[in-house]
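Report on the structure given below.
Computation of the quantities below employed the complete heavy-atom set of this structure, encompassing side-chain atoms and omitting hydrogens, waters and symmetry-equivalent molecules.
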Amino acid sequence: MSEFELDGRITRDSDLVSVHTLCQLRIQNDSRWPWLVMVPQRAGMTEIFDLSPAEQALLSVEVNKVAAALKTVTGATKINVGALGNIVRQLHVHVIARFEGDPNWPGPIWGFGQPVTYEEQQKQDFLNKLVEAL
């Protein structure tokens, strides 16, 4: 069995927040939306069904915990959760807070405009609240 290695595009576009039993929790480097990415630390996985049933259940628990914390911290109108992998095939789950009136509401965030990087203090303040809520 090969060793888990994070896809370089995920490494480039996000920062590690914490490591959970199954997943890395990462923050996407785009401040337009509170946008988290959860990556199961299993080599060669591209689909949720590639995980064992126990790992699928654990993924669900971890994603739901993060989604609930994100909703609490942001007061978002809607939390979007999706395991899309058309460009980055490595299994990862997006957890995104959306608000009425945010850039491109109610449309999708993918392919819309250019990313806006966080100011470091803004990112740290958000992550401190998120980690506390977890």
Side-chain angles (χ1 to χ4, degrees):
M1 181 182 245
S2 60
E3 189 174 319
F4 172 77
E5 187 176 325
L6 191 63
D7 184 285
R9 291 164 290 195
I10 296 174
T11 302
R12 180 194 67 216
D13 295 340
S14 65
D15 294 318
L16 182 65
V17 175
S18 56
V19 176
H20 299 257
T21 303
L22 178 65
C23 294
Q24 287 188 10
L25 172 60
R26 305 184 66 85
I27 184 170
Q28 194 74 6
N29 293 325
D30 188 347
S31 66
R32 296 176 296 167
W33 302 277
W35 182 353
L36 305 170
V37 178
M38 301 192 68
V39 184
Q41 296 183 109
R42 298 296 184 265
M45 300 290 140
T46 59
E47 308 293 345
I48 292 173
F49 57 77
D50 290 336
L51 298 170
S52 71
E55 290 170 331
Q56 290 174 36
L58 184 54
L59 176 64
S60 181
V61 167
E62 290 183 5
V63 166
N64 288 337
K65 183 177 180 180
V66 167
L70 186 60
K71 177 91 172 186
T72 296
V73 167
T74 64
T77 305
K78 180 73 175 95
I79 300 295
N80 291 173
V81 176
L84 305 170
N86 298 343
I87 296 173
V88 176
R89 300 251 163 95
Q90 181 174 45
L91 178 57
H92 62 289
V93 178
H94 298 271
V95 183
I96 307 152
R98 297 296 307 271
F99 304 86
E100 289 185 40
D102 74 21
N104 210 38
W105 175 268
I109 64 171
W110 285 274
F112 178 79
Q114 294 298 314
V116 176
T117 58
Y118 280 94
E119 293 180 17
E120 194 56 36
Q121 190 60 55
Q122 174 194 23
K123 181 166 64 172
Q124 285 309 310
D125 290 346
F126 168 66
L127 290 177
N128 289 341
K129 291 176 188 171
L130 179 69
V131 168
E132 184 176 321
L134 287 169

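- Looking at every heavy atom in both residues, T74 comes nearest to F99 through O-CE2, 3.4 Å.
- Residues I96 and F112 are members of one and the same hydrophobic cluster, defined by side-chain heavy-atom contacts under 4.5 angstrom among Ile, Leu, Val, Met, Phe, Trp and Tyr.
- Counting heavy atoms from C-beta on, the side chains of D30 and I109 never come closer than 4.5 Å.
- For the pair L36 and L130, the minimum side-chain heavy-atom distance is below 4.5 Å.
- To the nearest 0.5 Å, atoms OH (Y118) and CD (Q124) are separated by 11.0 Å.
- Atoms CG and CD, from L22 and Q41 in turn, are 7.5 Å apart once rounded to the nearest 0.5 Å.
- Residues L25 and F126 share a single hydrophobic cluster, defined by chaining ILVMFWY side chains whose heavy atoms lie under 4.5 Å apart.
- The backbone N or O of L51 lies less than 3.5 Å from a partner atom in the side chain of Q56, making a donor-acceptor pair.
- Neither M45 nor L6 shares a network with the other; the hydrophobic side chains, linked directly or stepwise wherever heavy atoms of I, L, V, M, F, W or Y lie under 4.5 Å apart, form separate groups for each.
- In this structure, S14 and Q28 approach most closely via the heavy-atom pair CB-OE1, 3.9 Å.
- Across all their heavy atoms, R98 and A76 have their closest contact at O-CB, 3.5 Å.
- Remark: side-chain polar atoms of Q90 are paired, donor with acceptor, to backbone N or O of E5 under 3.5 angstrom.
- Cluster membership check: L70 does not share its hydrophobic cluster with V37, using side-chain heavy-atom separations under 4.5 Å among Ile, Leu, Val, Met, Phe, Trp and Tyr.
- Heavy atoms only, all atoms of each residue included: A83 and V93 are closest at CB-CG2, 4.2 Å.
- The number of heavy atoms from other shown groups lying within 6.0 Å of NZ (K123) is above 12.
- Side-chain atoms of E62 come within 3.5 Å of backbone N or O of T21 as a donor-acceptor pair.
- Grouping the Ile, Leu, Val, Met, Phe, Trp and Tyr side chains by contacts below 4.5 angstrom, directly or via other members, places M38 apart from I10.
- Rounding to the nearest 0.5 Å gives a distance of 11.0 Å between CD1 of I87 and CG of D7.
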Determine, step by step, whether D125 and Q121 satisfy the side chain to side chain donor-acceptor pair (under 3.5 Å) criterion, reporting the C-alpha distance in whole Å, the side-chain angles of both residues, the deciding distance to 0.1 Å, and the verdict. CA-CA 6 Å; D125 290 346; Q121 190 60 55; 2.8 Å; yes
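- The side-chain heavy atoms of H92 and V39, taken from C-beta on, include a pair separated by under 4.5 Å.
- The side-chain heavy atoms of P40 and E55, taken from C-beta on, include no pair separated by under 4.5 Å.
- Salt-bridge annotation for R9 and D13: absent, with no side-chain N of the basic residue lying under 4.0 Å from a carboxylate O of the acidic one.
- Using a 4.0 Å cut-off between charged side-chain N and carboxylate O, R42 and D50 make no salt bridge.
- K65 NZ to L134 CG: the interatomic distance, rounded to the nearest 0.5 Å, is 6.0 Å.
- Under the 4.5 Å side-chain criterion, counting only non-hydrogen atoms from C-beta, N80 is not in contact with W33.
- Within a 6.0 Å radius of NZ in K71, other residues, nucleotides and ligands contribute more than 12 heavy atoms.
- Within the 4.5 Å cutoff, the side chain of T46 has no heavy atoms near those of the L91 side chain.
- In plain terms, the two heavy atoms of A133 and V73 that are nearest each other are CB-CG2, 3.7 Å.
- Closest approach of C23 and L59 over heavy atoms only: SG-CD1, 3.5 Å.
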